[in-house]
Amino acid sequence: MQGPARTRFAPSPTGWLHIGGARAALFSFLLARKTGGQFLLRIEDTDRKRYVPGSEEDLMEGLRWLGIHWDEGPDVGGPYGPYRQSQRAHLYRKYAEELVKKGHAYYCFCTPERLRRMRERQRKLGLPPRYDGHCRRLDPEEARKRVEAGEPHVVRFKAPREGTITGHDFIRGPITVANKDIDDYILLKSDGLPTYHLAVVVDDHLMRITHVLRGAEWLSTFPLHVHLYRAFGWEEPVWVHLSTFLKPSGKGKISKRDMEEIRKMGYAGVFIRDLREAGYLPEAINNWIALMGWSYDDRTEFFTMQDLIEKFSLERLKPSPAAVNFDKLDHFNGLHLRALSPEDLARRLVPFFHKAGYTHVTAEDLLPIVPLIQTRIHTLADAPRLAGFFFEEDIQHTPEAFEEFLVRHKKVKLDLATAYRALQKVYQRLQEVDPWNAENLEAALRALSEELGLKPRKLFSAVRVAVTGRGVSPPLFETLALLGKARTLRWLRQGLEVLAGMLASQTDASEAAPA
RNA sequence: GCCCCCAUCGUCUAAGUGGUUAGGACACGGGCCUUUCAAGCCCGCGGUCGGGGUUCGAGUCCCCGUGGGGGCACCA
């Protein structure tokens, strides 16, 4: 369809990797892979004030975990490095000066204080905040001398005052802006480092980027970037501005303040590290974010990374903003969880059991349990809650469990005395089961249910609560089989004791009442 | 205040260049299956923001409203 694309993800190390960045990286990666091109990672760290220690590692770790691998980057190098802008500082001044020489930029000596006052005045007058062109009028020769004399300065873009500029966004088509609405943006700061506008243009050109995929928040300065390409006389990349992510309500972009609210709704959040810790699979996250702002057809929704590489295309990108739907992430997580092989799932579960306190559990230990829980967990983190008791020697039986799941349960409604009698029979019968496996256990208990005239649901519920101490568990017979005969009988005995205690106090109470 | 972008069920979306009863998914409601909980299957609910045009015909093209989003830093 097209030649190899060179794409990049160019985050600034000012925070953790979130779903917005991950999607931009994913789409860039997919395009490169699909076309047989390269995907690269470039760190845009020209603002030392906002640098967040650890964020660069988080960005890389998150991408790697998602399976978004770069061919060139700060860690692996490449033919167009370095890939960290702070290490390319020397380059940008040269290009800024080239623009000054060509008459597309100029030196500005205005102090931050003067600029602040200027903006304040403009705001009071209801004017748009814009550089007033004070230094634009300076004689170039004189300005150069002041710079050479060491006077603090910045380099500003000399935006045309007349006419319009039209940039072409791949998704939206032509975007036209009046030049008078474009500010004389600073390109090179007084510390000698470039602003985003200069750095991104210079680096994308030097690194031979063919397609720029970035967030729609860049749409407003997009015409400036087009101007810069033209001023340099460089060929523009294909511009693709990805739709923004809105918070679940659809009202506004997700900000840090909204994170608390999202967590309160029971969701893990928008940072990749948090989603990972909450037990979401990278497959599910990729699938989920890929479908925000992009679609394949009118029905296909399940995609592996391989599928995405084959099927992704820029043509099917959408310009409209998308509200994130965390329920749908849960859905995709379930889908991908169930698509995993038991071995794979067991392996991925290990760290979650360790974190839950089952520190010696191995993938081999988990393997027989996996089939019992694979359709029952939404996230990896759900598993220890559901199946942790397989690794306990003893458990806690509570009267409340019997009350809630036997006595009060709408579909069970089993009184304690009946349950007690039945469970004593169960105990006897289980002793005879040999070999101890799910089939034999089921046969024995079904036969008993028949003999006792107790509906399977009632008897099995009683067994479930009495053995496991809980009303919800993996399938009963498989669970007992895995627990083993000794543990099953021991726990059942403990359950019977609790039940006996409940019956005793019930009798006391009924005797006390009439007196 | 100024500039730019966007607009199909509550949410994510499909309906290549205007042409059947606007399709799918999540969520929600109901049912089936069933030893609990899930998973799975079936059914249902629900939408083209409003108004003007163009056209035999508009979700699709144009204009105006309205709504939403983004931006207006020596931040990215």
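Residue numbers begin at 1 in each chain, while the letters A, B, ... track the order of the sequences.
- One C1' atom belongs to B:G47, the other to B:G23, and the distance between them is 12 Å to the nearest Å.
- As judged by a 4.0 angstrom heavy-atom cut-off over every strand, A:Leu291 is placed among residues touching the sugar-phosphate backbone only.
- Phosphate contact (OP1/OP2 of B:A76, side-chain N/O of A:Thr46, threshold under 4.0 Å): present.
- Nucleic acid contact class of A:Arg114 (heavy atoms, under 4.0 Å, all strands): none.
- Contacts of A:Thr14 with the nucleic acid, taken as non-hydrogen atoms under 4.0 Å apart, are absent.
- Within the nucleic acid shown, A:Pro474 comes within 4.0 Å of at least one base atom, counting heavy atoms only.
- For the 3.5 Å distance criterion, the side chains of A:Tyr92 and A:Asp203 qualify, holding a donor opposite an acceptor.
- Ionic pairing of A:Glu56 and A:Arg84 is present here: one or more N-O contacts between side-chain nitrogen and carboxylate oxygen are shorter than 4.0 angstrom.
- A:Glu283 has a carboxylate O that lies under 4.0 Å from a charged side-chain N of A:Arg348, or vice versa, which qualifies the two as a salt bridge.
- Residue-to-nucleotide proximity on RNA chain B shows that, of A:Ile175 and A:Lys189, the 5′-proximal contact is made by A:Ile175.
- Counting any heavy atom pair closer than 4.0 Å across all strands shown, A:Pro152 reaches no nucleic acid atom.
- A:Asp382 has its side chain out of reach of A:Leu386: every pair of non-hydrogen atoms, C-beta onward, lies at least 4.5 Å apart.
- Phosphate contact (OP1/OP2 of B:C72, side-chain N/O of A:Lys180, threshold under 4.0 Å): absent.
- Out of B:C74, B:A76, B:U35, the shortest distance to the side chain of A:Phe460 is found at B:U35.
- Across all strands shown, A:Pro319 has heavy atoms under 4.0 Å from sugar-phosphate atoms exclusively, and none from any base.
- Between A:Arg42 and A:Asp204 there is a salt bridge, with a side-chain nitrogen of the basic residue lying less than 4.0 Å from a carboxylate oxygen of the acidic one.
- Comparing atom distances between the A:Pro475 side chain and each of B:G70, B:U36, B:U8 picks out B:U36 as nearest.
- Here A:Thr375 lies in heavy-atom contact (under 4.0 Å) with a base.
- The separation of B:G18 from B:C5, taken at their C1' atoms, amounts to 25 Å, rounded to a whole angstrom.
- Here B:C75 presents its C1' atom at 13 Å from CG of A:Asp45, a figure rounded to the nearest Å.
- Within 4.0 Å (heavy atoms only), A:Lys49 reaches sugar-phosphate atoms of the nucleic acid but no base atom.
- Spacing of P atoms, B:C12 relative to B:G69, comes out at 13 Å, to the nearest Å.
- B:C26 atom C1' lies 15 Å from atom NE2 of A:His336, rounded to whole Å.
- When the P atom is compared between B:A15 and B:U55, the two are found 27 Å apart, to the nearest whole Å.
- When the C1' atom is used for both B:G53 and B:U60, the distance is 15 Å, rounded to whole Å.
- Atom CZ of A:Phe477 and atom P of B:C37 are 15 Å apart (whole Å).
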